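Here you go, one structure.
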2 protein chains.
Amino acid sequence: MDREPEETDDVRRNAGRGRALDSLDRKILGALSEDATRSYADLSKEVGLSAPAVHERVKRLRATGVIKRTSADLHGPSLGKDFLAFVHVEAAGWGKTEGIMALGELPEVEEVHAVTGDTGLILKVRMDCPEAMEGFLWRLYDMPGVRGTRTYVVLSTHLERGVQAGITPDLSQGDNLK
Amino acid sequence: MDREPEETDDVRRNAGRGRALDSLDRKILGALSEDATRSYADLSKEVGLSAPAVHERVKRLRATGVIKRTSADLHGPSLGKDFLAFVHVEAAGWGKTEGIMALGELPEVEEVHAVTGDTGLILKVRMDCPEAMEGFLWRLYDMPGVRGTRTYVVLSTHLERGVQAGITPDLSQGDNLK
DNA sequence: GCTGAAATCCTCACCAG
DNA sequence: CTGGTGAGGATTTCAGC
């Protein structure tokens, strides 16, 4: 379970047309992905840089798209969205047409992925109630190219988080509990 | 802590044991879910309140759990995570056992949902490469109760966002575009 | 990337409705 | 009880090094 993280800093294929991410960048990203409200002064003590240096890095990480955005993660049930489901859409000959884009307009659709296998499209949808789900599926069937759907209703969510920076927890440091 | 909260009956089913959310709360939530770096002064101009009032509401929304946290959304490919997949786990007789909790320890696992249907568990996993996927599936098969898996490899992601506040875009207001 | 200073912002007090 | 006003303190942010 604990493997030595080799210091291979060679960049493979950087989407952001910037420079490779070093260990400090990953440390910053890991911290901000868990709590983006932390101050630069606070982060600076953790990464061993000055506050403006951290700020400069974060600014660069935002500009290059490594940090897509900083968002408040909302609690579905508090907003009346008690109903979460994954919908597998069996679509026939969908290019990346307007149909997919139209799905993004609906606030209940949180994710749209084109996948391999027998389905073609996986949707993550969250709404108020089963009735809303029914209405959504009807609209889905009305779209051209939709041959069928398979819906997996979520009974309980045990984990739901964003992309992990992949930092091994700082066992070597152990410096602060903040 | 210092006051007993009187349970108003008009609260429908509030997960956070707080009060219902009004239109201003939703407006704030909608804005912060898209960009949590905006200042309270900025938000106050949009919702028509003073900055401290907005801050007070946000503080309450955090305390009641409506805002679960504020996080930086990272770009997978920039971190070397080019491989996203949904794994349907056919599990036999899993209570909410340690097996599920163990999955959360793995940084490649982003979501774990118990679902209806023939699968039982849906996992969202993101990693470096197909080889890592293979290793992950092996570890999955080693877990007790895992009878089988079906993996849907994501070819392209067209939408990926958090819980939407569900505000209809303010067409009636039209006060400012920020 | 560091230091220091200025502008902004957060945050708390207190007061009004 | 919720929102407004004003001031103190922290933070962001931009110089120059």
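Proteins get letters first, then strands, A, B, ... in listed order; numbering begins at 1 in each. Not measured: the values here are computed from a predicted model.
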Find out whether A/Val163 and B/Asp73 are in side-chain contact, i.e. whether some heavy atom of one side chain is under 4.5 Å from a heavy atom of the other. no
May I ask you to check whether A/Tyr152 and B/His88 place their ring centers less than 6.0 Å from one another? yes
Determine yes or no for a side-chain-to-main-chain donor-acceptor pair under 3.5 angstrom, with B/Arg161 supplying the side chain and B/Ser33 the backbone. no
In whole angstroms, the gap separating C1' of C/dC10 from CG of B/Leu32 amounts to 14 Å
In whole angstrom, give the distance that lies between atom CZ of B/Arg62 and atom C1' of C/dT11. 14 Å
Using the salt bridge (Lys or Arg N to Asp or Glu O under 4.0 Å) rule, pick out the option among B/Glu108, B/Glu111, B/Glu110 that qualifies with B/Arg126. B/Glu110
Scan nucleotides 2-14 of chain D nucleotide by nucleotide, 5' to 3', and note B when protein non-hydrogen atoms come under 4.0 Å of the base, S if they reach only the sugar-phosphate, - if neither. SSBBB-----SSB
Between CD on residue B/Glu34 and CG on residue B/Leu29, distance to nearest 0.5 Å: 11.5 Å
